[in-house]
Trainee: 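Sharing a structure with you now.
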Number of protein chains: 2
Amino acid sequence: MDQSPRISLLISQALGLYRLRINALLAQHHIDLTSEMVTVLRVLWQREGRKQQELADLLHKDKASITKVIHNMEKRGLVARVADETDARNKKIVLTQQGQALKKEVLPVLDPFLDSLTADFDEKELAAARAVLSAIIRQLQ
Amino acid sequence: MDQSPRISLLISQALGLYRLRINALLAQHHIDLTSEMVTVLRVLWQREGRKQQELADLLHKDKASITKVIHNMEKRGLVARVADETDARNKKIVLTQQGQALKKEVLPVLDPFLDSLTADFDEKELAAARAVLSAIIRQLQ
DNA sequence: ATCAATTAGTTGACTATTCAACTAATTTTA
DNA sequence: TAAAATTAGTTGAATAGTCAACTAATTGAT
């Protein structure tokens with residue numbers, strides 16, 4: 001009889017596998033992105049021009065991580081750093097034409113796949129799962 | 001009104017925060033380990049002498065990751081690689097005295113903390129969360 | 001108004017992770 | 001049995017993430 005695995009262990013394993021499969025899916029479709037870049041792009045597709053610290057806060061990441069992901073995205077020509085005129089400390093991240101256009105390529109590939117992973121559960125079960133995960137995140141912050 | 005965040009996003013954020021807090025807790029207690037090393041040690045504390053590929057399979061990681069984590073653990077004097085006499089390709093990972101002794105230091109620090117994060121939920125909700133995560137892992141494999 | 005404290009972003013060191021290419025050992029197959 | 005295929009582990013390149021120390025800009029306090 002297996003003991004209930006700790007939720008933290010399940011989370012760690014799930015994330016590793018998510019990354020693998022998402023990166024493989026993107027590669028299959030010849031999209032030169034990593035799953036982390038997609039996470040950042042999703043925020044920017046909703047509203048671009050955010051500064052790096054805002055991205056860090058939204059994604060619960062260190063600002064140094066964001067510096068480096070943005071750097072890699074800049075190398076691929078997806079985003080640009082724009083100086084903030086009202087506060088020279090800030091750098092606003094804007095999408096290039098290419099970064100904007102990728103939305104129509106990426107979402108139809110990834111979203112149906114992501115949704116299919118939870119399709120066997122009803123809304124109540126998914127809500128419970130989200131509630132547990134959100135509570136964990138809240139308490140860890 | 002906030003839309004339900006995708007479970008994959010919650011998982012990614014939760015894991016990052018878990019790592020941060022676990023590493024901070026370990027540092028506070030002057031335990032020179034990372035959260036990933038603890039994950040590997042938990043497996044070895046249950047049964048040592050596993051080969052690297054077994055660790056990789058159990059933790060759903062690439063064997064190259066295991067090579068490198070084991071290397072870092074060896075540097076800290078926690079484990080040793082032992083040649084398998086019946087199959088020279090395998091390296092069995094055994095605990096040093098120090099690696100074994102850490103169990104009594106680490107678990108009393110981490111486990112109450114990890115359990116406290118889900119203490120507000122009843123078993124039914126936690127079971128639903130585990131079921132969703134396990135299903136995701138199974139389908140991603 | 002000046003000096004101290006805070007905030008945004010970068011950099012370098014370190015760990016973790018994967019992939020692809022590689023070596024060595026074992027197993028399968030023809 | 002000899003050659004081919006598989007399996008275990010390592011290595012180097014790439015991305016991602018953190019921390020601590022740093023610079024530059026802004027805000028606050030006296």
Trainee: In whole angstrom, give the distance that lies between atom CD1 of A:I22 and atom P of D:dA16.
Mentor: 13 Å
Trainee: Given that B:H60 and B:E85 both sit by DNA chain C, which one's nearest nucleotide is further toward the 5' end?
Mentor: B:H60
Trainee: Measure from CG on A:D32 to P on C:dC19 and round the result to the nearest Å.
Mentor: 15 Å
Trainee: Could you tell me whether the phosphate oxygens of D:dT18, OP1 or OP2, come under 4.0 Å of any side-chain nitrogen or oxygen in A:S65?
Mentor: yes
Trainee: Is the phosphate of D:dT10 approached by B:K91 (side-chain N or O, under 4.0 Å from OP1 or OP2)?
Mentor: yes
Trainee: Base, sugar-phosphate, or nothing: which does B:A88 touch, judged by heavy atoms less than 4.0 Å apart?
Mentor: sugar-phosphate
Trainee: D:dA8, OP1 or OP2 - any side-chain N/O from B:R50 closer than 4.0 Å?
Mentor: no
Trainee: Across the strands shown, which category fits A:T34 at heavy-atom distances under 4.0 angstrom: base, sugar-phosphate, nothing?
Mentor: sugar-phosphate
Trainee: Rounded to the Å, how far apart are B:M73 CE and D:dG9 P?
Mentor: 15 Å
Trainee: Check this for me, if you would: do A:K51 and A:D57 make a salt bridge, where the nitrogen-to-carboxylate-oxygen distance has to be below 4.0 angstrom?
Mentor: no
Trainee: When you compare the side chain of A:T67 with that of A:R81, does any pair of heavy atoms fall below 4.5 Å?
Mentor: yes
Trainee: How do A:T86 and A:M37 order along DNA chain D: which one's closest nucleotide is nearer the 5' end?
Mentor: A:M37
Trainee: Is the shortest side-chain N/O distance from B:T67 to OP1 or OP2 of D:dT10 below 4.0 Å?
Mentor: yes
Trainee: Is the distance from OP1 or OP2 of D:dT15 to the nearest side-chain N or O of A:R76 less than 4.0 Å?
Mentor: yes
Trainee: Quick one: B:D87 CG to C:dT28 P, roughly how many Å, whole number?
Mentor: 12 Å
Trainee: Check this one for me: any side-chain N or O of B:K61 less than 4.0 Å away from OP1 or OP2 of C:dT17?
Mentor: yes
Trainee: When the distance from CD of A:E74 to C1' of D:dT15 is rounded to whole Å, what number comes out?
Mentor: 16 Å
Trainee: Considering just the side-chain nitrogens and oxygens of A:N72, establish if one lies under 4.0 Å of OP1 or OP2 belonging to D:dA16.
Mentor: yes
Trainee: Spell out, as yes or no, whether a donor-acceptor pair under 3.5 Å connects the side chain of B:D32 to the backbone of B:R76.
Mentor: no
Trainee: Hey, which of these two, A:K51 or A:A24, hits DNA chain C nearer its 5' end, going by closest nucleotide?
Mentor: A:K51
Trainee: Check whether any side-chain nitrogen or oxygen of B:Q52 sits under 4.0 Å from OP1 or OP2 of D:dT10, and answer yes or no.
Mentor: yes
Trainee: Can you figure out which of D:dG9, D:dG17, C:dG9 approaches the side chain of A:V69 most closely?
Mentor: D:dG17
Trainee: Below 4.0 angstrom from OP1 or OP2 of D:dG9, is there any side-chain N or O of B:K63?
Mentor: no
Trainee: Taking atom types as modelled, is there a side-chain donor on A:H60 or A:Q141 under 3.5 Å from an acceptor on the other?
Mentor: yes
Trainee: Would you say B:R89 places a side-chain N or O within less than 4.0 Å of OP1 or OP2 belonging to C:dT23?
Mentor: no
Trainee: Between atom CG in A:L15 and atom P in D:dA16, what is the gap in whole Å?
Mentor: 13 Å
Trainee: Expressed as a whole number of angstroms, how long is the span from A:L55:CG to D:dG17:P?
Mentor: 12 Å
Trainee: Heavy atoms under 4.0 Å, any strand shown: does A:L20 hit a base, just sugar-phosphate, or nothing?
Mentor: sugar-phosphate
Trainee: In terms of hydrophobic clustering (I, L, V, M, F, W, Y; side-chain heavy atoms under 4.5 Å; direct or indirect links), are A:V94 and A:M37 co-clustered?
Mentor: no
Trainee: If we only count heavy atoms from C-beta on, is the B:T96 to B:V79 side-chain gap below 4.5 Å?
Mentor: no
Trainee: Would you say the side chain of B:V106 lies within less than 4.5 Å of the side chain of B:I31, judging by non-hydrogen atoms?
Mentor: yes
Trainee: Tell me whether the side-chain N/O atoms of A:K68 come closer than 4.0 Å to OP1 or OP2 in C:dG12.
Mentor: no
Trainee: So what does B:K92 hit on the nucleic acid, given a heavy-atom distance under 4.0 Å: a base, only sugar-phosphate, or nothing?
Mentor: nothing
Trainee: Round to a whole Å and report the spacing from CG of A:D62 to P of C:dT15.
Mentor: 17 Å
